[in-house]
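In this chain, numbering begins with 1 at the start of the sequence shown.
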Amino acid sequence: MGSANGDRELFKDKDDFVAQYREACETFFAKKYDELSQQERFCVLAGLIANKSRNLKVDSHKDDKEVYYFSLEFLLGPLLDNYLLNFGIRAIVKAGCAELGTTLEDLVAQEVDPGLGNGGLGRLAACFLDSMAALGINGNGNGMRYRYGLFRQEIEGGRQVEKMDNWLEHGFPWETRKSEAAVLVQFGGHVVRHEEGGRFWFTQEGGDLIKAVPYDVPIVGYGAKTVNNLRLWSAEPAAEDFDLDAFNAGNYAKAVKFRSDAEAISQILYPNDSGEHGRLLRLKQEYLFVSAGLQTILRSFENKYGPDKWADFGKHVSIHTNDTHPAMCGPELMRILVDDKRVDFDLAFKIAHETISYTNHTVMPEALEKWPIGIFRELLPRTYMFIEEIDRRYREGFPHDVEGWQEKLANTAILWDGQVRMANLSVIFSHSVNGVSALHTGILEAQTLHDFYALEPEKFNNKTNGISHRRFLGNANPSYSRLICDVIGEGWLRDANELAQLGRYEDDPSFLEEFEKAKAWDKRRLADYIRRTSGVELDCAMVFDVQVKRFHAYKRQLLNVFKILDVYNRILSDPSFDPRPTAFIFSGKAAQSYSFAKEVIRLINSVAEAVNGDARVNDKIRVAFVPNFAVSSAQLIYPAAEISEQISWAGSEASGTSNMKLMMNGAITLGTYDGANVEICDLVGEENIKIFGLRTEEVDALRAGGTYWAWDLYNRDRERLGRVIDELTDGTLAHLSGNFESIRDELMVNNDHDLVLADFYTYVSAWEELVGAYGDRRGWNRAAVHNTARSGYFSSDRTIREYAADIWHIES
């Protein structure tokens, strides 16, 4: 793939790159290139590109409206290869590295995944930053700089074991510490009322002061026309308070307790919130990155426009909140405007409302974030006062002429039942509320946030999620990307809609043959990675059936395991059963305190141990769990996948984005009619996707009817479904690490909330039909290419254009 950087070239040619790279080696490490380790060579190369990115940033924008994207997660993934693509210099750098005696691929492999996010929420935020820069939007991220990532997942005895993710061990060459831009954030204390000359105001006194220090990461857009910024906040003590007496007495922990308490706020993503200390730390994280980010934005605005232009704030700034973690943006913005800038209370609310917008990511009311009022008020006393006053005004102004207004008020008030309800806080303070797929938004409007929707339908809109096609096809799948560029050119890297031109090649025998070669190369690459990381040998002639995502009951990895066990049992008991040989590949993490999800991971590894060790079935099925799922491993898995498992129960998944990434790489979706699967089905046609199971309205009817009984399904078929359930506790799978009573209880005692048994037969039948079609290689490859050709819609560029036009009111 050629140059994309136009007149903003970083290197004139290969020789210029080599000369600059050698010079940078001596500048960074005071050693010659040949004396450096591969890790050091990577750091120099990344630092060289990062420095050039920062130099370009100053003239990226003029007076555009600024968008600030607030998210507690930014799952960036490795940046070097992506930025080389965006700058259009990958070929130059690759050739230069070869001349120096190494390969670019080896250097790229040295980069670790930044531990700044976990799942789809964080990856979506990263894709959005990429697209804003690519489209020339002045869009900047605001998040937390975690010292350690969520955790590094290892598998011991089949179990997930959480190890420290020390992702900053070798530094992060893309970041720049901005000490001069640090701000103070206050926790605790008490509020004092002041009055003078008929005017009164409040101050928050006492408590703990934390210094929030920003680290800036350049976000390079495709073509390098725009370089935006991601600001990440680290918590430090506001003042040194070293306890010399404690140190001299040998109590070293007490001597530096002031520092460790402050730094704990930004130590780790999602501290275990099963206890009060973890929950309090999470609330501190949410407030710190909100308050620090807003202080910076207001300071920048005041420097640019002056101290008397606050009424115009919303014309120049948009603040977008990704889920409810940044829900305090509204009241905190008001607090700073009223207390520090002396803005009138009503005007401050008007400014907040026209500036802030909110994306919801869940349809489940029980999953909406809430905080006990007592904890919230004690930690954030002044910010809570703004929440309480806005809630009072909301209740006072609630229309009483609406039928059932008392219940509707109870559903929509911010403060209720002793809790601060963060979703309600987000909706009330925002001028726009959006879901992330057509189905999801419909459920928000009809159920989850229905009472809000009934009051202000104009506030609600849909913005179907998207992904960075440049990373997840352009970077992740070099073999397929080269093939695409050969036949339709490189324009699709800028405009994903150009992938539609592949439709002309869906029936081209030579193109389909080359596609199959590319897929075979991807499968070999993944199989080699799986052998190295999990010890499982995969036969690349098998169908690669993939389910990779965060582990959660509603995503139903358990249903997939049941299918595998059923296939395994039938191969052993029925000589006439001859399924298409398949490799089942799983990857994903379970939250540290999520016992059920961790048990499902253990079950997968126990099934893998049984299946892979049984010579009677090894030519038909194999199972692999890829540990420590991250963006880097995802970029190996997505290109190699042939079946994309998207099997959440209908009405539970907001959107999903792995479904888009897998579709784009030519995998066929096997899924329920849920989330963005609905839009995939509409785009590719029912003949190029395999849909199964209950629809949303059927799920609702089943739950409402109260007639679903898991034991009925168990008793109806003891030979297949009953046998699988029995194998959870009869010792069949206990060899590795014991039986699975808790999973069986979830199904049979708690009556199968996630409808695993209800969808079991249609799911297994759909899988058999899908793998049965694999033998028609031309037909399968045609459907795979068709999926890629229709995937341009799911580029995050399209999503961001819609956000820009409909919510932020700016031109891209």
- Query: So how far is it from Leu770 CG to Ile668 CD1, rounded to the nearest 0.5 Å?
  - Reply: 7.0 Å
- Counting only N and O atoms by type, is there a donor-acceptor contact under 3.5 Å from the side chain of Ser796 to the main-chain atoms of Ile467? yes
- Item | Nearest atoms (heavy-atom pairs only) where Asn424 meets Asn411 | ND2-O, 3.0 Å
- Item | Sidechain-backbone polar pair: Asp619 side chain, Pro581 backbone, donor-acceptor under 3.5 Å | no
- Residues forming a side-chain contact (heavy atoms from CB on, under 4.5 Å) with Asp574, sequence neighbours excluded: Ser576, Phe577
- Under a 4.5 Å cut-off applied to non-hydrogen side-chain atoms, are Arg723 and Asp726 in contact? no
- Check the surroundings of atom CD in Glu719: do more than 12 heavy atoms from other residues, nucleotides or ligands lie under 6.0 Å from it? no
- Please, which pairs that meet ring pair (Phe, Tyr, Trp, His ring centres under 6.0 Å) have at least one residue in residues 526-549, sequence neighbours excluded? none
- Atom OH in Tyr793, atom CG in Leu683: separation rounded to 0.5 Å? 7.0 Å
All N/O donor-acceptor pairs, side-chain side in residues 658-665, below 3.5 Å, sequence neighbours left out:
unit_1: Ser658; atom_1: OG; unit_2: Lys549; atom_2: NZ; d: 3.2
unit_1: Ser658; atom_1: OG; unit_2: Gln646; atom_2: OE1; d: 3.4
unit_1: Ser658; atom_1: OG; unit_2: Gln646; atom_2: NE2; d: 3.2
unit_1: Asn659; atom_1: OD1; unit_2: Thr657; atom_2: N; d: 3.4
unit_1: Asn659; atom_1: ND2; unit_2: Ser655; atom_2: O; d: 3.3
unit_1: Asn659; atom_1: ND2; unit_2: Asn677; atom_2: OD1; d: 3.1
unit_1: Asn665; atom_1: OD1; unit_2: Asn477; atom_2: ND2; d: 2.8
unit_1: Asn665; atom_1: ND2; unit_2: Phe472; atom_2: O; d: 2.9
unit_1: Asn665; atom_1: ND2; unit_2: Lys661; atom_2: O; d: 2.9

- Message: Give me the atom names and distance for the closest heavy-atom approach of Leu747 to Ala710.
- Response: O-CB, 3.4 Å
- Item | Ion pair check, Arg622 and Glu537, cut-off under 4.0 Å | no
- Note on the structure: Note: Asp614 and Asn618 closest approach over all heavy atoms is O-ND2, 3.1 Å
- Are the side chain of Ser437 and the backbone of His440 linked by a donor-acceptor contact shorter than 3.5 Å? yes
- Message: Would the distance check show the side chain of Asn434 and the main-chain N or O of Asn462 forming a donor-acceptor pair, the cut-off being under 3.5 Å?
- Response: no
- Sidechain N-carboxylate O distance under 4.0 Å for Asp566, Arg570: yes
- Message: I'd like to know if the side chain of Asn787 reaches the main chain of Gly666, judged simply by a donor and an acceptor atom lying under 3.5 Å from each other, with no hydrogens or angles considered.
- Response: no
- Under 3.5 Å donor-acceptor, Lys589 side chain and Phe151 backbone: yes
- Gln153 versus Ala590, closest heavy-atom pair with distance: NE2-N, 4.5 Å
- Message: Can you confirm if the NZ or CZ of Arg716 lies within 45° of the ring axis of Tyr714 and under 6.0 Å from the centre of its six-membered ring?
- Response: no
- Message: Given Thr672, which partner from the list Glu653, Arg556, Arg695 fulfils the side chain to side chain contact (heavy atoms under 4.5 Å, CB included) test?
- Response: Arg556
- Any side-chain heavy-atom pair from Met748 and Leu757 closer than 4.5 angstrom? yes
- Query: Given the rule in the side chain to side chain contact (heavy atoms under 4.5 Å, CB included) test, do Asp545 and Arg580 qualify, once you have shown the distances and angles that lead to the verdict?
  - Reply: CA-CA 11 Å; Asp545 181 320; Arg580 172 70 54 179; over 6 Å; no
- How about Asn118 and Arg550: do any of their side-chain heavy atoms sit closer than 4.5 Å? yes
- Is it true that a side-chain atom of Asp539 and a backbone atom of Ala541 form a donor plus acceptor pair closer than 3.5 Å? yes
- Task: Please list, chain by chain and in numerical order, all residues satisfying side-chain contact (heavy atoms from CB on, under 4.5 Å) with Ala125, sequence neighbours excluded.
- Result: Tyr69, Ser71, Phe74, Asn322
- Note, Met144 side chain near Leu269 side chain (heavy atom, < 4.5 Å): no
- Item | Heavy-atom side-chain contact between Val764 and Arg720 under 4.5 Å | yes
- Task: Take the angle between the ring planes of Tyr638 and Phe629 and call it parallel below 30°, perpendicular above 60°, tilted in between.
- Result: perpendicular
- Note on the structure: In this structure, CG of Asp674 is separated from SG of Cys681 (nearest 0.5 Å) by 12.5 Å
- Task: Please report the C-alpha distance between Glu154 and Glu162 in whole Å, then the side-chain angles of each, then the deciding distance to 0.1 Å, and finally whether the side chain to side chain contact (heavy atoms under 4.5 Å, CB included) criterion is met.
- Result: CA-CA 6 Å; Glu154 295 183 3; Glu162 299 93 12; over 6 Å; no
- Message: Could you tell me if the side chain of Leu558 sits less than 4.5 Å from the side chain of Glu746, heavy atoms only?
- Response: no
- Task: Walk me through it: do Phe625 and Gln160 pass the test side chain to side chain contact (heavy atoms under 4.5 Å, CB included)?
- Result: CA-CA 11 Å; Phe625 185 92; Gln160 170 180 291; over 6 Å; no
- State, to 0.1 Å, how close Val543 and Glu642 come at their nearest heavy-atom pair, and which atoms those are. CA-OE1, 3.5 Å
- Note on the structure: Nearest heavy-atom approach of Val617 to Val611 is CG2-O, 3.6 Å
- Salt bridge flag under 4.0 Å for residues Asp522 and Lys519: no
- Please list, chain by chain and in numerical order, all residues satisfying side-chain contact (heavy atoms from CB on, under 4.5 Å) with Tyr148, sequence neighbours excluded. Met164, Asn166, Gln267
- Message: According to ring pair (Phe, Tyr, Trp, His ring centres under 6.0 Å), does anything in residues 654-691 pair up with another residue at least two apart or in another chain? List the pairs.
- Response: none
- Item | Test item: Gln557 side-chain N/O and Ser587 main-chain N/O as donor-acceptor pair under 3.5 Å | no
- May I ask you to check if Arg703 and Trp649 form a cation-pi contact, with NZ or CZ under 6.0 angstrom from the six-membered ring centre and within 45° of the axis? yes
- So among Trp767, Tyr568, Phe562, which one has a ring-ring contact (aromatic ring centres under 6.0 Å, His included) with Phe584? Trp767
- Task: Tell me, with the steps shown, if Arg602 and Glu599 meet salt bridge (charged side-chain N to carboxylate O under 4.0 Å, His left out).
- Result: CA-CA 5 Å; Arg602 186 170 74 88; Glu599 278 293 273; 2.8 Å; yes
- Worked check of side chain to side chain donor-acceptor pair (under 3.5 Å) between Thr582 and Tyr774: CA-CA 10 Å; Thr582 303; Tyr774 189 79; over 6 Å; no
- Under the 3.5 angstrom rule, does the side chain of Asp754 hit a backbone N or O of Val756 as a donor-acceptor pair? no
- Task: Test Tyr708 against Asp752 for side chain to side chain donor-acceptor pair (under 3.5 Å), laying out the working first.
- Result: CA-CA 9 Å; Tyr708 182 67; Asp752 186 22; 2.6 Å; yes
- Message: Using side chain to side chain contact (heavy atoms under 4.5 Å, CB included), reason through Tyr270 and Gln592 one step at a time and then give a plain yes or no.
- Response: CA-CA 9 Å; Tyr270 293 154; Gln592 289 176 273; over 6 Å; no
- Any sub-3.5 Å donor-acceptor pair from Gln285's side-chain atoms to Ile268's backbone N or O? yes
- Query: Is there side-chain contact between Lys523 and Met542, with at least one heavy-atom pair below 4.5 Å?
  - Reply: no
- Task: Please indicate whether Glu697 has more than 12 foreign heavy atoms, meaning atoms of other residues, nucleotides or ligands, lying under 6.0 Å from its CD.
- Result: yes
